[in-house]
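To start, the structure itself, in structure tokens.
Positions are given from 1 along the sequence. The analysis underlying the following values was restricted to heavy atoms, covering all of them including side chains, and did not include hydrogens, waters or symmetry mates. No experiment lies behind these values; they were computed from the predicted model shown. As the structure lists them, so they are numbered: ligands from 1, and atoms in each ligand from 1.
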Amino acid sequence: MNEPKTLLLTGASRGIGHATVKHFNAAGWRVFTASRHDWVAECPWAEGLLNHIHLDLEDIDSVERNLPLIREKLGGKLHALVNNAGISPKGPEGQRMGVLESDYATWLKVFNVNLFSTALLARGLFDELKAAQGTIINVTSIAGSRVHPFAGVAYASSKAALAALTREMAYDFGRHGVRVNAIAPGEIDTSILSSGTELIVERDIPMHRLGKPEEVASLIHFLCTSGASYVNGAEIHVNGGQHV
Ligand SMILES: NC(=O)c1ccc[n+]([C@@H]2O[C@H](COP(=O)([O-])OP(=O)(O)OC[C@H]3O[C@@H](n4cnc5c(N)ncnc54)[C@H](OP(=O)(O)O)[C@@H]3O)[C@@H](O)[C@H]2O)c1
């Protein structure tokens with residue numbers, strides 16, 4: 001029997017990350033997860049608790065500190081690293097936080113979670129990725145390439161930077177057989193959405209509906225399979241046509 005492939009995904013406790021780990025588990029992968037909350041009971045596969053790493057990506061030193069534990073759990077090979085965890089701070093009434101509303105603490109928190117931790121995890125797990133000829137998927141956003149009515153300036157800038165990091169890592173790692181791609185969701189039905197999203201759905205999305213977390217999960221999974229073996233350095237829209 002073939003050895004199962006191994007996934008490490010950040011931010012698995014809900015939303016897109018939760019749907020993605022369920023998808024990979026159903027496809028027979030060994031799933032490792034990392035986020036602040038403990039393992040959730042709705043994902044009751046046997047090894048879930050054991051393979052969960054309690055990690056706060058905002059605390060950037062803890063990412064470095066946890067790397068030996070993560071590497072030990074993985075046991076030498078990592079076929080897919082999905083950098084999915086992300087935060088999008090809003091104002092007190094849920095409004096977009098522009099430059100005038102964003103202090104240094106906000107910038108730092110957002111960049112630690114959405115960008116810096118991604119680069120550090122990729123660096124720290126490079127040997128395992130190379131050993132498996134694995135792949136990295138970074139979850140960016142439509143807000144990385146255009147002003148969005150609810151996404152703040154720190155969030156949007158971090159996602160634009162994550163798209164650039166994807167390109168740079170695709171260049172650095174491609175020669176070692178490790179592919180690096182991004183997927184850029186539009187409006188997916190998770191807790192990150194703001195009230196008022198209905199307007200965007202009607203006005204800006206040709207398909208006139210929200211995306212489902214499972215529709216993002218299946219794209220992430222495809223990019224981690226041999227069907228995508230020559231895709232490297234891409235950022236793929238998954239937004240029902242919102243970008244047109
Ligand atoms: N939903 C959308 O419409 C949409 C659109 C564009 C892009 N995205 C991107 O898609 C990704 C997933 O978003 P989502 O909609 O599924 O959001 P979500 O439901 O809010 O889930 C976010 C995940 O990130 C984790 N997380 C947050 N802060 C963390 C931290 N400091 N350390 C570790 N994990 C942390 C959370 O886990 P814990 O709370 O347990 O730590 C949670 O599992 C994000 O990168 C987001 O920017 C989403």
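Contact annotation for Ala12 and ligand 1: only backbone heavy atoms (N, CA, C, O) come within less than 4.0 Å of the ligand. When heavy-atom distances to ligand 1 are checked against a 4.0 Å cut-off, Thr190 comes that close only through its side chain, counted from C-beta outward. The proximity of Asn84 to ligand 1, defined as any non-hydrogen pair under 4.0 Å, involves the side chain as well as the backbone. By the criterion of a heavy-atom distance under 4.0 Å, the backbone of Thr140, and not its side chain, is placed next to ligand 1. Residue-level proximity to ligand 1 for Ile188 is carried by backbone and side chain together, each with a heavy atom below 4.0 angstrom.
Side chain of His176 to main chain of Lys130: no donor-acceptor pair is present (N/O by atom type, distance under 3.5 Å, no hydrogens or angles). Counting only distance, with no hydrogens or angles, the side chain of Asn232 and the backbone of Ala170 share a donor-acceptor pair below 3.5 Å. One N or O on the side chain of Arg179 and one on the backbone of Ala228 form a donor-acceptor pair closer than 3.5 Å. The backbone N or O of Gly11 lies less than 3.5 Å from a partner atom in the side chain of Asn84, making a donor-acceptor pair. Formation of a donor-acceptor pair under 3.5 Å by the Lys109 side chain with backbone atoms of Ile87 is not found in this model. With hydrogens and angles ignored, the 3.5 Å screen pairs a side-chain donor or acceptor of Thr20 with a backbone N or O of Ile16. In terms of modelled atom types and a separation under 3.5 Å, the side chain of Glu198 and the main chain of Gly196 share a donor-acceptor contact.
Looking at Val139, Asp56, Val82, Asn83, it is Val139 that brings a heavy atom closest to atom 10 (O) of ligand 1. Of the candidates Ser88, Ser35, Gly15, Gly86, the one placing a heavy atom closest to atom 22 (C) of ligand 1 is Gly86.
Taking the six-membered ring where the residue is Trp, Trp29 and His79 present perpendicular rings, their angle passing 60° and hence far from 30°.
Using a 4.0 Å heavy-atom cutoff, Gly186 is listed among the residues neighbouring ligand 1. Ligand 1 lies less than 4.0 angstrom from a heavy atom belonging to Lys159.
The distance criterion of under 3.5 Å between nitrogen or oxygen atoms is not met by Leu193 with respect to ligand 1. Polar contact check, Gly17 against ligand 1: no nitrogen or oxygen pair lies under 3.5 Å apart. The shortest N/O to N/O separation between Gly11 and ligand 1 falls below 3.5 Å. Considering backbone and side-chain N/O of Ser13, one or more are found under 3.5 Å from N/O of ligand 1. Residue His37 has at least one nitrogen or oxygen atom sitting less than 3.5 Å from a nitrogen or oxygen atom of ligand 1, judged on distance alone.
Less than 4.0 angstrom separates some heavy atom of Leu57 from each of these atoms of ligand 1: 30 (C), 31 (N), 32 (N), 33 (C).
Side-chain N/O atoms of Thr166 and Glu235 include no donor and acceptor closer than 3.5 Å.
Shortest contact from atom 33 (C) of ligand 1 to any protein heavy atom: Leu55 O, 3.4 Å. The single protein non-hydrogen atom nearest to atom 48 (C) of ligand 1 is Ile16 CD1, 3.8 Å, given as residue, atom name and distance. Nearest protein heavy-atom contact of atom 46 (C) of ligand 1 is Tyr155 OH, 3.6 Å. Atom 18 (P) of ligand 1 has its closest protein heavy atom at Arg14 NE, 3.6 Å. In this structure, the protein non-hydrogen atom closest to atom 34 (N) of ligand 1 is Ala85 CB, 3.7 Å.
Contact check on Arg209 versus Glu215 returns a salt bridge, with a Lys/Arg side-chain nitrogen under 4.0 Å from an Asp/Glu carboxylate oxygen. Salt-bridge formation is detected for the pair Glu64/Arg123: a Lys NZ or Arg NE/NH1/NH2 atom is positioned less than 4.0 Å from an Asp or Glu carboxylate oxygen.
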From CA spacing to verdict: ring-ring contact (aromatic ring centres under 6.0 Å, His included), His52, Phe32
CA-CA 6 Å; His52 184 66; Phe32 292 84; over 10 Å; no
